[in-house]
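Read the numbers this way: they start at 1 and go in the same order the structure lists the ligands and their atoms. Start at 1 with the first residue, then count along the sequence.
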Amino acid sequence: MKKAWKDETRAIHAAAKFDGGVGAVSTPIYQTSTYRLSAPGDESGYVYSRTANPTRDALEETLAALEHGTSGFAFASGLAATNAIISLLSPGDEIIAGDDLYGGTFRLFEQIFKKFNLNFRYVDARETKNIEDAITDRTKMIWLETPTNPLMHLYDIDAVSELSIINELLLVVDNTFASPYIQRPLDLGADIVLHSLTKYISGHADTVGGAVVVKDKILAEKIGYIQNAAGAILGPMDAYLSLRGLKTLALRMERHSENASKIVEYLQTKEIVQEIFYPGLDGKPLPNKMTLAGGMVSFNLRSDIETVKSFVMATSLFVLAESLGGVESLINHPATMTHASIPEDIRRARGIGDGLVRLSVGIEHIDDQIADLETAFKIIENKVKPKT
Ligand SMILES: *Cc1c(COP(=O)(O)O)cnc(C)c1O
């Protein structure tokens, strides 16, 4: 890989050396568990696929290149990657997290790790001061997801990174919503980047995976050790699918963002839409050197839960489904779907009410996307204001 290459080029060519010795242009799927050794105890090459596999290596190198890190690690899911990161900590340690989080991350923290005496504190991280105020001498890690799921909160990675350096904390950024094409947290001072590969990176709703990327050598050794020792690795077929997805990431993110911003304009014309959540919507410039606003849009409908349910069931191009980031458009009702694992009082207090709808805007033609939403609006507008 040439150092001078731009990210679009790296996405396609970073893994070229894994050609199977036959000049394969596409990285082969090395569907093998073990490898022939030249002598007993020889560990100079591949030994066992939990430790390393060439297809997974190709993906991990490409991810590291795109996130401007030194080492990448691929896991069985985004949550398996989260699990590996938290395994860096010890009982008694404290983690400060931005309070708008993927529901499954919150569940993992609260239901699994809390009982190992790890303490999670949630703050509104849109004000860096709130993080600073929460730091104690037991704090070891700051956990930010930005833009957040589902309210699109944006945090100042640069400023939080300064805090983390002064206080010797690890700063983790879940970069799933932005993808490395839009935002590169390691460039802004983060120590660890996390991805659910399931989303924009694989991009076609056909695989589940997760990744960790770091810059620091010692941290890389620790994560690599946990990956092998705990064993929640990504299989070769899934590594291949994520690697293939990465090759078109740049094109897809451009179109996701273009379509999403047109949908935001359309939503702004709707009386029944109370509030829209989309990066850059408030007229402020995008933070964190984000190159685009991305493909995720949330909004509140001014109506009761039954009407909101009819709305999300009335679209057909926008498929009612969990997950996001694929070429196909999806619609989701966070309160009863992706964020149902957050207790109702906490969920409501964080602004995820019954009226909230989340769109993962795909790359279909914008006219078809808007026509589909228009059908759904017509149905509920008739319900809310019956025609006389
Ligand atoms: C989906 C998601 C995860 C979890 O990833 P899985 O691959 O589903 O385990 C973590 N963070 C964010 C922001 C997500 O959207």
Side-chain angles (χ1 to χ4, degrees), residues 56 59 63 67 72-87 95 97-113 120 122 125 143-155 157 172-180 182-183 185 190 192-213 227 230 232-235 237-239 241-242 245-246 253 256 260 277 279 288 290 294-298 321-326 330-334 337-342 350 352 356 358-362:
R56 199 176 87 217
L59 172 65
L63 286 167
E67 282 290 0
F73 303 90
F75 292 87
S77 69
L79 287 178
T82 303
N83 195 321
I85 295 169
I86 300 297
S87 300
I95 300 94
D99 63 5
D100 190 35
L101 273 182
Y102 173 68
T105 306
F106 181 75
R107 180 178 56 199
L108 179 60
F109 288 175
E110 291 299 305
Q111 304 299 325
I112 308 288
F113 282 117
F120 297 88
Y122 305 92
W143 189 283
L144 298 181
E145 182 184 304
T146 181
T148 62
N149 180 359
L151 294 173
M152 312 298 154
H153 291 173
L154 301 169
Y155 305 141
I157 298 175
V172 182
V173 176
D174 181 340
N175 200 25
T176 300
F177 265 39
S179 91
I182 288 184
Q183 174 173 274
I192 301 177
V193 170
L194 168 89
H195 277 285
S196 169
L197 298 172
T198 318
K199 317 295 170 53
Y200 284 108
I201 287 181
S202 72
H204 296 73
D206 53 9
T207 181
V208 172
V212 174
V213 182
Q227 184 192 38
I233 46 133
L234 191 68
M237 180 70 197
D238 298 304
L241 286 170
S242 293
L246 272 177
M253 293 319 295
H256 283 300
F277 307 96
N288 299 323
M290 288 173 76
M296 297 302 296
V297 179
S298 296
E322 300 208 358
S323 198
L324 60 109
L330 303 179
I331 191 164
N332 164 40
H333 183 237
M337 296 167 60
T338 45
H339 292 68
S341 58
I342 303 176
R350 288 183 188 168
I352 306 169
L356 190 71
R358 190 191 78 186
L359 302 178
S360 173
V361 180

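- Of the options Asp174, Asn149, Thr82, the smallest heavy-atom separation from atom 12 (C) of ligand 1 is shown by Asp174.
- Among protein heavy atoms, atom 4 (C) of ligand 1 sits closest to Tyr102 CE2, 3.4 Å.
- The Gly209 neighbourhood of ligand 1 comprises atoms 7 (O), with distances under 4.0 Å to a heavy atom of that residue.
- A donor-acceptor contact shorter than 3.5 Å links the side chain of Ser298 to the backbone of Pro150.
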Query - Test side chain to side chain contact (heavy atoms under 4.5 Å, CB included) applied to Asn149 and Thr176, step by step - result: CA-CA 9 Å; Asn149 180 359; Thr176 300; over 6 Å; no

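- Residue contacts with ligand 1: Ala80 is excluded, as none of its non-hydrogen atoms falls under 4.0 Å.
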Requested in this report: Starting from the C-alpha separation in whole Å, work towards a yes-or-no answer on side chain to side chain contact (heavy atoms under 4.5 Å, CB included) for Ile182 and Phe177.
Outcome: CA-CA 9 Å; Ile182 288 184; Phe177 265 39; over 6 Å; no

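- Remark: side-chain polar atoms of Gln183 are paired, donor with acceptor, to backbone N or O of Thr146 under 3.5 angstrom.
- Listed for the Gln227 side chain is no donor-acceptor partner under 3.5 Å among the backbone atoms of Ile233.
- If you check which protein heavy atom lies closest to atom 6 (P) of ligand 1, you get Gly78 N, 3.3 Å.
- Given atom 14 (C) of ligand 1, the protein heavy atom at minimum distance is Lys199 NZ, 3.0 Å.
- In terms of N/O distances under 3.5 Å, ligand 1 is approached by Thr198.
- Between Leu324 and ligand 1, no N or O atom pair is found at a separation short of 3.5 Å.
- Ring pair Trp143/Phe109: centre-to-centre distance below 6.0 Å.
- Of the N or O atoms in Ser196, one or more lie within a sub-3.5 Å distance of an N or O in ligand 1.
- Near Leu79, the atoms of ligand 1 lying under 4.0 angstrom from a non-hydrogen atom of the residue are 5 (O), 6 (P), 9 (O).
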**Report entry** Intermediate values then yes/no, side chain to side chain contact (heavy atoms under 4.5 Å, CB included), Leu101 and Ile342
**Finding:** CA-CA 10 Å; Leu101 273 182; Ile342 303 176; over 6 Å; no

